[in-house]
Amino acid sequence: MDAKRIAIYASRFQDKVRYYEHPTEDIERLKQLESERTLYVTDLTKYKGQMKDQKDYMPKALYERKMKRLQALMDDLKEAIQAITDEMDEVIASCPVLFRQQELLMSIDGVGRVVATNMIIATEAFTRFDDPRKFNCYAGVAPFSYSSGSSQHSKARVSHRADKVMKRLLHLAAVAVTHRVGGELKKYYERKVAEGKNKMSVINALRAKIVARMFAVIKRNEKYKPILS
């Protein structure tokens, strides 16, 4: 019955159908490499935490032996992460479209190589999304309000199906902006906080602004140019 209903629905709206396009081979390679890189970065962070946390709670000799083993693991992880990063750079450099998109994205305050690369992967070189607001929903930057019927409403919250990796990276990008010496977004953050706005709400707004700028530079095919005041 469900399959029949889906077939009927698809038949009625054939004029609005959008055929699925499989990601290009370059995007697939980047996706697999980034997934592996993230795995190693997570392990590296875990080992760094142990080196700091256990120093005061273990006998010195035991701690030093453990740290020697952890350092060897960390060195191997750093080497693997660098090798993967180099391979990802080669993939992007070999494709003019991806290379140009990365260049454009990194012209924006707060957007570094990792954020730019993950943005290209998540949007499949900006072919999967054509609207920053839709991407904000996908990445969990734009909260939804939930209701049942006409009387029950709940506090707006982010979907559990959001891309948590992109949400975290956008959050780090926004936080990085707040620690900058100057720039439009830093001035926006300071002005809103001075007005009494909640800092996390302002940071969330910064995330949305960064996303909007990323879509804008790709659409215009121009590096971001700050608005002179």
Side-chain angles (χ1 to χ4, degrees), residues 6 9-10 13-38 88-89 91-146 156-177 184-185 188 200-227:
I6 292 171
Y9 180 87
F13 296 100
Q14 291 185 55
D15 58 318
K16 297 182 179 180
V17 68
R18 292 181 60 186
Y19 291 98
Y20 173 74
E21 295 182 4
H22 193 276
T24 66
E25 182 179 344
D26 287 337
I27 294 295
E28 283 292 346
R29 284 182 64 192
L30 288 175
K31 189 179 297 185
Q32 295 298 326
L33 288 168
E34 176 59 23
S35 177
E36 184 181 358
R37 192 194 72 84
T38 301
M88 293 177 74
D89 287 342
V91 173
I92 291 175
S94 67
C95 178
V97 172
L98 299 184
F99 183 79
R100 177 59 176 170
Q101 287 190 354
Q102 185 186 67
E103 183 181 40
L104 294 171
L105 295 175
M106 290 177 64
S107 69
I108 302 167
D109 272 356
V111 179
R113 187 176 300 274
V114 173
V115 174
T117 302
N118 276 272
M119 190 70 177
I120 291 171
I121 294 171
T123 62
E124 295 177 6
F126 289 84
T127 61
R128 186 180 175 191
F129 297 91
D130 57 5
D131 186 335
R133 289 175 294 182
K134 292 179 181 178
F135 184 81
N136 283 337
C137 294
Y138 163 81
V141 176
F144 291 90
S145 60
Y146 293 78
R157 61 183 185 271
V158 173
S159 171
H160 294 296
R161 293 176 290 182
D163 185 332
K164 294 179 176 60
V165 172
M166 272 312 310
K167 181 181 179 183
R168 178 178 60 83
L169 290 174
L170 289 171
H171 177 77
L172 293 175
V175 171
V177 166
E184 294 174 332
L185 294 178
Y188 171 84
M200 282 306 301
S201 296
V202 181
I203 288 176
N204 194 58
L206 286 177
R207 292 187 294 189
K209 285 182 175 292
I210 290 172
V211 170
R213 291 183 177 189
M214 287 194 282
F215 274 84
V217 296
I218 296 298
K219 183 177 181 180
R220 298 171 186 167
N221 194 27
E222 295 179 357
K223 290 185 178 181
Y224 183 76
K225 298 178 182 178
I227 300 174

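Predicted, not measured: the structure shown is a model, and the values here were computed from it.
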(message) Using the salt bridge (Lys or Arg N to Asp or Glu O under 4.0 Å) criterion, which residues pair with Arg168? Sequence neighbours excluded.
(response) none
(message) Holding to salt bridge (Lys or Arg N to Asp or Glu O under 4.0 Å), I want the full list of residues that pass it with Asp131, two or more places apart in sequence or in another chain.
(response) Arg133
(message) According to ring-ring contact (aromatic ring centres under 6.0 Å, His included), does anything in residues 100-131 pair up with another residue at least two apart or in another chain? List the pairs.
(response) Phe126-Phe215, Phe129-Phe135, Phe129-Tyr138
(request) Quick one: list whatever passes side chain to side chain donor-acceptor pair (under 3.5 Å) with Gln32, sequence neighbours left out. (result) none
(request) Can you sort out the partners of Asp89 under side chain to side chain donor-acceptor pair (under 3.5 Å), two or more places apart, ordered by chain and number? (result) Arg113
(message) Is it true that, when you exclude Phe13 itself, more than 12 heavy atoms of the residues, nucleotides or ligands shown sit nearer than 6.0 Å to its CZ?
(response) yes
(request) Would you check if Ile120 and Ile27 make a side-chain contact, meaning some heavy-atom pair closer than 4.5 Å? (result) yes
(request) Flag the pair Leu170 / Met214 as yes when at least one side-chain heavy-atom distance between them is below 4.5 Å, and no otherwise. (result) yes
Measure the [atom1]-[atom2] distance between [X] and [Y] for me, rounded to the nearest 0.5 Å.
{"X": "Asp163", "Y": "Ile121", "atom1": "CG", "atom2": "CD1", "result": "10.5 Å"}
{"X": "Glu28", "Y": "Leu33", "atom1": "CD", "atom2": "CG", "result": "11.0 Å"}
{"X": "Thr24", "Y": "Leu30", "atom1": "OG1", "atom2": "CG", "result": "8.0 Å"}
{"X": "Leu185", "Y": "Ile203", "atom1": "CG", "atom2": "CD1", "result": "12.0 Å"}
{"X": "Thr123", "Y": "Asp130", "atom1": "OG1", "atom2": "CG", "result": "11.0 Å"}
{"X": "Ile92", "Y": "Thr117", "atom1": "CD1", "atom2": "OG1", "result": "4.0 Å"}

State which residues pass side-chain contact (heavy atoms from CB on, under 4.5 Å) with [X]; sequence neighbours excluded, sorted by chain then number.
{"X": "Val97", "answer": "Cys95, Gln101"}
{"X": "Glu103", "answer": "Arg100, Lys223"}
{"X": "Arg220", "answer": "Ala216, Glu222"}
{"X": "Thr38", "answer": "Glu34, Thr42"}

Between [X] and [Y], which heavy-atom pair has the shortest distance, and what is it?
{"X": "Ala212", "Y": "Pro132", "value": "CA-CB, 4.0 Å"}
{"X": "Ala139", "Y": "Met166", "value": "CB-CB, 4.2 Å"}
{"X": "Val115", "Y": "Ala173", "value": "CG2-CB, 4.4 Å"}

(request) For residues 204-214, pull every pair meeting salt bridge (charged side-chain N to carboxylate O under 4.0 Å, His left out), keeping only residues two or more places apart or in separate chains. (result) Glu184-Arg213
Give every donor-acceptor pair under 3.5 Å between a side-chain atom in residues 104-111 and any protein atom, sequence neighbours left out.
| residue | atom | partner | partner atom | Å |
| --- | --- | --- | --- | --- |
| Ser107 | OG | Leu104 | O | 2.5 |
| Ser107 | OG | Tyr224 | N | 2.9 |
| Asp109 | OD1 | Arg180 | NH1 | 3.3 |

(request) List the steps, then state whether side-chain contact (heavy atoms from CB on, under 4.5 Å) holds for His171 with Met200. (result) CA-CA 10 Å; His171 177 77; Met200 282 306 301; 3.8 Å; yes
